[in-house]
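In this chain, numbering begins with 1 at the start of the sequence shown. Just so you know, these numbers use all the heavy atoms, side chains as well, and skip hydrogens, waters and symmetry mates.
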Amino acid sequence: MFEAWGRWVYRRRHGTLVVSGLVLLISVTLLILGGRLTTKTIHGIEADDALNLMDRQLPHPGESGFTVIFQSATLVTGDDAFAEAALAAVRPLRTDPSVASVRTPFDADTSIFLAEGMQSSDGHAAVAEVTLRPEAVLDTSLFPALRARIHGGPLTVTVTGPGAFRSDLDHALASDLQYGEVLSTPVTFAVLVTVFGSLVAAALPVGVGGLAVAGGIAAVTLLSRFTEVAQYAINIVSLVGLGVAIDYSLFIVSRFREEIAAGAEVPDALARTVATAGRAVVFSGVAVAIGLGGLLFFRGSFLASLGAGGTMVVLLSVVYALTFLPALIGVLGHNVDRLRVPRLALGGKGRWQRIALAVMRHPVLVLVPTLVFLVAAGRPFFDISLAMADVHILPWSSEARRGDAILRDVFADRAATRVAAVVAFPGDPFATPGRVGALYDLSQEIAAIPGVTDVQSVLSAVRSPGREAAIVALTHPREEFSEPMRVAAGETAGSTIVVLAAVTDALPASAAARAVVERIRLHRRVDDGTLLVTGQTALDMDSTAYMLAYAPRALAFVVGMTLLLLFLLLGSVILPFKAVAMNLLSLTASFGALVWIFQEGHLSGVLHFTPGPIDPALPVVLFCATFGLSMDYEVLLLTRIQEEWYRTGDNTRAVAEGLEHVAPLITSAAAIMVAVFSAFAMADVVMLKIMGVGTALTVALDATVVRTLIVPATMRLLGDFNWWAPRWLVRLRARLDHLRRV
């Protein structure tokens, strides 16, 4: 089938190139039209549900906007000039359709109680709170225009808060993406030139990579018009697409040159190339798509959009590698080697074969220390600490991060960790004495939790202490509330909810803050109301629990489908299980290195980042992306070993011959992947650094330690048993092969 496809493409090579050009034109058009990319979200978790309740019922929910900080070295907040400048700065926002409300300490309707908390103790700083409408919270592209409308005049203006963080993060991701592509493309081309020794041959994989990434990003932007797609999807498409497309093209071009060097005519060489390397590319692409497809199990979260985007770009890479690239090679023919330059020798004749034979002469001596090394490298992974990404993943040059530092320095109370207990009732929360009494009891129980320094709610504003006094005061009509109670109720009570904010000095990701959340969640029923907990700490905990809940299904799918794919490719039961085990081992080692570097802070001075917990989504994304990428080399190596096994029937010779033919190609492909991924390791955003370092480490380990040491050693120990399968599975595979040929 693959050989027939190669001949078909050769006969219609010019038409195939025309169609590829039209697809590129469509991709460029979609890129120009753009899409509606959103921030990363996880719907359906408790903390998100609580935030949605607050967004709908409270006038100034903290997670739905941003904070504007006004500062002056000479003016004080009591000066008319300070107040006028601050009011003038936010005046354009009051009429903006993306803004739900704006509040400053200088507004006539801002109570004195709230105004005091919005001004610094030294009088030289004040804050304004801007609440965004729901569509503007999701679409972070709306924020830059809002920020541009804020002009402080004599005041220094710094904007921070959730809305600013999300926007700055997206901007940094886009900037890092461009930087990574600019840095990796020439390095990749240089590697290809040294490998091929021809400028024309080297240009082909880079061209296919560009086409695949352009098509993948275009598909993602189109998808974003119909469903939520996170900004991260663009980075995943670029990171994965560029790597696999260039790798697949490298396989195709290398095999074609090998066939031509053996004396084959162009049509026959191309047919043979597609039948061998093309077949490996298809299986490899399916393996990578299976890995990324594991992210689709995380429905309701931004991970699903990452999986969709990554899968689309991988499939495009395979399609271009089997259509556009063979067609272009067919047109070039022997000219594929034009513009010769000195090439890099990746090993003399027989060097890789000698390495394989040396390993297989002492398989246990090689295997045991290698496994010990990988297990030791993976040890730090068991100490991983997970927490949602916050402003500290941004570079110091980011305004949102600088603003957060100002808040913590000047407005310590506003920057303190808050755990919000949101109690939802069937109706008015103050309608019955039972509801108010239950709220009072809950407030007292929260205040007694170790580490809680204050509980801020409408109950805090009741003048007289005691449960009965609170019931009497709050069951009156709201228009009869005292001024402090009216202000507090306006901030913390909606039509059916009441928010009790537990304040703690503990950091959001600390064990102490998590203990507060756990203690509050023990009180699920509050009279006839239901309690939900939110805040940064609760979001961390719920996001981690969400990942852990769905991860087993994703893992089972990825591993199960990979085993099936490898069986269909190799006809062996043993080799698929061994391949998956080796993949998991190398992934654990690279994950351990990530914890050692990014959580524990080693190399922070070199890579320029702030150490801290790992975002719970990162291990999931890295596993799904790199598991399939690692299979690239497994598929390429094992299919070539299988060719030699069928030809010779000698397992040891097949391994040595297979490694001799494929090791230079794997080394080249790994060098390209590492070059691409290492470029993203230089990103400003810590999450992208982790993705770059993680994928580069996994690929490097896979192409060196695993493929050149563990694979020959284990295949020598297993001998002919490598190729064993039960008879009924052999018959099933034969039937499937027959159907495929038909």
Donor-acceptor list for residues 288-309 side chains, cut-off 3.5 Å, not counting sequence neighbours:
{"from": "Ser301", "atom 1": "OG", "to": "Phe298", "atom 2": "O", "distance (Å)": "2.7"}
{"from": "Ser301", "atom 1": "OG", "to": "Leu303", "atom 2": "N", "distance (Å)": "3.2"}
{"from": "Ser305", "atom 1": "OG", "to": "Ala230", "atom 2": "N", "distance (Å)": "3.3"}
{"from": "Ser305", "atom 1": "OG", "to": "Phe302", "atom 2": "O", "distance (Å)": "2.7"}

Which atom pairs, one a donor and one an acceptor, fall under 3.5 Å between side chains of residues 555-566 and the rest of the protein, sequence neighbours left out?
{"from": "Thr562", "atom 1": "OG1", "to": "Val558", "atom 2": "O", "distance (Å)": "2.6"}

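- Annotation: side chain to side chain contact (heavy atoms under 4.5 Å, CB included) contacts of Pro611 (sequence neighbours excluded): Ser604, Phe609.
- Contacts of Arg225 classified as salt bridge (charged side-chain N to carboxylate O under 4.0 Å, His left out), with partners at least two apart in sequence or in another chain: none.
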Under 3.5 Å, side-chain donor or acceptor atoms of residues 675-692 against the rest of the protein: list the pairs with distances, not counting sequence neighbours.
{"from": "Ser678", "atom 1": "OG", "to": "Val674", "atom 2": "O", "distance (Å)": "2.6"}
{"from": "Lys689", "atom 1": "NZ", "to": "Leu607", "atom 2": "O", "distance (Å)": "2.5"}
{"from": "Lys689", "atom 1": "NZ", "to": "Ala683", "atom 2": "O", "distance (Å)": "2.8"}

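- Looking at Val359, Val366, Leu717 one by one, the single match for side chain to side chain contact (heavy atoms under 4.5 Å, CB included) with Pro712 turns out to be Val359.
- Sorted by first and then second residue, the side-chain hydrogen bond (donor to acceptor under 3.5 Å, both in side chains) pairs with a member in residues 580-594 read Ser590-Thr698; sequence neighbours excluded.
- Within the 4.5 Å cutoff, the side chain of Thr626 has no heavy atoms near those of the Val699 side chain.
- Taking all atoms of both residues into account, the shortest heavy-atom contact from Val208 to Tyr320 is CG1-CB, 3.9 Å.
- Taking the six-membered ring where tryptophan is involved, the planes of Tyr550 and Tyr546 are tilted, since the angle between them lies from 30° to 60°.
- By the 4.5 Å heavy-atom criterion applied to side chains, Val318 and Val282 are counted as neighbours.
- Residue Arg716 places its CZ atom among 12 or fewer non-hydrogen atoms of other residues, nucleotides or ligands, all under 6.0 Å distant.
- The aromatic rings of Phe591 and Phe381 lie tilted to each other, with the angle between the two planes from 30° to 60°.
- Using modelled atom types and a 3.5 Å distance limit, the side chains of Trp723 and Asn651 yield a donor-acceptor pair.
- Across Ile246 and Pro205, no two heavy atoms sit closer than the pair CG1-O, 3.5 Å.
- Electrostatic pairing of Arg255 and Glu643 counts as a salt bridge here, judged by a charged N lying under 4.0 Å from a carboxylate O.
- In plain terms, the two heavy atoms of Ile641 and Gly658 that are nearest each other are CG1-CA, 4.0 Å.
- Side chain of Asp615 to main chain of Met388: no donor-acceptor pair is present (N/O by atom type, distance under 3.5 Å, no hydrogens or angles).
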